[in-house]
**Q** 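Before anything else, here's the structure in question.
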Amino acid sequence: MHQTPPDGTAGPSAEQQAREDALVRQVVASFDRCSDPRLRTVMQALTRHLHAFLREVRLTEDEWQRAIAFLTEAGHITDDRRQEFILLSDVLGASMQTIAINNQAYANATEATVFGPFFVAGSPLIGPGGDASGGASGEPCWVEGTVTGTDGAPVPGARIEVWQADADGYYDVQYADQRTAARGHLFSGADGGYRFWALTPTPYPIPHDGPVGRMLAATGRSPMRASHLHFMVSAAGRRTLVTHIFVRGDELLGSDAVFGVKDSLVRDFVRQSAGTTTPDGRDLGGRAWSRVRFDIVLAPAGA
Ligand code: BEZ
Ligand code: FE
């Protein structure tokens, strides 16, 4: 494969290109006898694309060393509460591309978006109309909707996991005190309906005190995520949906750091002034609140 530099310079000689081509062929062939055909395909394609990248940018040895130092630092900062490699995948759009490949549009099924690093298995059960905030700071938000199949039939008993950042922009797992807040799960009712209290989503930065944050700063990119509320919805015989809803009018909708925004997921969070009667009669102590409707449509499993 002959490379012409994008800057219009002459580029490597034919002899040099032949040498580089030969190395690519040699590395690709080194995987020929891999007995797992899928692994062979992945490794050979990775080799071809990685070498094409190195050759296109004519990577210097200094840049190679800096890349290794970057990945080493990403490894050192990663532990069971911080996952710098997922962040890297997210800000490079690799997470969203993988989601796009694996969650192809199916009829009117709700679109998927990025999972992010802050889901925790084993969240508290909140009953119908319960409060997922767990005491986290923020304005109360009443969330309601239905879970249906693409045929419109209700999906009772769907497990709905929700999680979000507090008004200070942090998930519970980012605090040192092991708190559980602003997350929970509930189940859709016999009519597919669900309702609960959460927090009105606010914008927050992805963790940016590590190598990924430095890369964003060096490239003039913002770490801010558009305001959102995470959902993961699962039910027997349905494709599990990992998604968020976003806030209409949020100025970050067009510049989300992890490319997660989809128009179909933007919702009206309707502001309710202090003292407005709540749907379930809950006394909010004179606070303002908001409400949003999110009707969830699940694709069949295997779609
Ligand atoms: C999140 O929305 O929780 C998230 C997604 C990607 C990177 C960091 C955070
Ligand atoms: Fe989030």
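Atoms within a ligand are numbered from 1 in the order they appear, just like the ligands themselves. If you're wondering where the values come from, they're calculated on a predicted model, not measured in any experiment.
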**Q** Do the numbers put Arg282 on top of the ring of Trp197, so that NZ or CZ is under 6.0 Å from the six-membered ring centre and no more than 45° off the axis?
**A**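 Judged by the rule (NZ or CZ under 6.0 Å from the ring centre, within 45° of its axis), Arg282 counts as positioned above Trp197.
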
**Q** Checking only N/O/S atoms, does Tyr171 have one that is under 2.8 Å from the Fe ion (ligand 2)?
**A**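 Yes, within the cut-off.
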
**Q** What orientation do Tyr194 and Phe231 show, parallel under 30°, tilted 30 to 60°, or perpendicular over 60°?
**A**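 Tyr194 and Phe231: perpendicular rings.
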
**Q** Among Phe269, Trp163, Tyr204, which one satisfies ring-ring contact (aromatic ring centres under 6.0 Å, His included) with His228?
**A**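 The passing option is Tyr204.
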
**Q** Check all N, O or S atoms of His230 and name the one closest to the Fe ion (ligand 2).
**A**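 It is NE2 of His230.
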
**Q** Specify side chain, backbone, both or neither for Leu87, according to which of its non-hydrogen atoms lie closer than 4.0 Å to ligand 1.
**A**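 Just the side chain.
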
**Q** Show the numbers, then the answer: is there a salt bridge (Lys or Arg N to Asp or Glu O under 4.0 Å) between Arg55 and Asp21?
**A** CA-CA 10 Å; Arg55 297 173 74 188; Asp21 284 344; 2.9 Å; yes

**Q** Can you give me the OH-the Fe ion (ligand 2)-NE2 angle for Tyr204 and His228, to 10°?
**A**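 Vertex at the Fe ion (ligand 2): approximately 100°.
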
**Q** Between His185 and Phe187, how do the two ring planes meet: parallel, tilted or perpendicular, split at 30° and 60°?
**A**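 Answer is perpendicular, since the angle exceeds 60°.
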
**Q** For ligand 1, which atoms sit closer than 4.0 Å to a heavy atom of His230?
**A**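 Answer for ligand 1: 1 (C), 2 (O), 3 (O).
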
**Q** Quick test: of every protein heavy atom, which one is nearest to atom 6 (C) of ligand 1, and how far off is it to 0.1 Å?
**A**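 Ranking protein heavy atoms by distance from atom 6 (C) of ligand 1, first comes Asp90 OD2, 3.0 Å.
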
**Q** Tyr175 vs Tyr170 aromatic rings, parallel, tilted or perpendicular, using cut-offs 30° and 60°?
**A**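 Because their plane-to-plane angle is over 60°, the rings of Tyr175 and Tyr170 count as perpendicular.
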
**Q** Give me the nearest non-hydrogen protein atom to atom 5 (C) of ligand 1 as residue plus atom name, then the distance to 0.1 Å.
**A**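 Minimum-distance protein heavy atom for atom 5 (C) of ligand 1 reads Gly116 CA, 3.4 Å.
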
**Q** Ignoring hydrogens and angles, state whether a donor on the side chain of Gln16 or Glu20 is under 3.5 Å from an acceptor on the partner side chain.
**A**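 A donor-acceptor contact under 3.5 Å links the two side chains.
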
**Q** Under 4.0 Å from a heavy atom of Ile206: which atoms of ligand 1 are those, numbered in the order shown and with their elements?
**A**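 Numbered from 1, ligand 1 contributes 7 (C), 8 (C), 9 (C).
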
**Q** Does Tyr171 have a heavy atom less than 4.0 Å from any atom of ligand 1?
**A**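 So Tyr171 counts as touching ligand 1.
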
**Q** Give a yes-or-no answer on whether the side chains of Gln178 and Asp172 include a donor-acceptor pair shorter than 3.5 Å.
**A**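 There is no such pair (donor and acceptor under 3.5 Å, judged by atom type) between the side chains of Gln178 and Asp172.
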
**Q** In terms of residue, atom name and distance, what is the protein heavy atom nearest to atom 1 (C) of ligand 1?
**A**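 Result: Tyr204 OH, 2.8 Å.
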
**Q** Can you pull out the closest protein heavy atom to atom 9 (C) of ligand 1? Residue, atom name and distance to 0.1 Å, please.
**A**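 For atom 9 (C) of ligand 1, the nearest protein heavy atom is Pro117 CD, 3.4 Å.
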
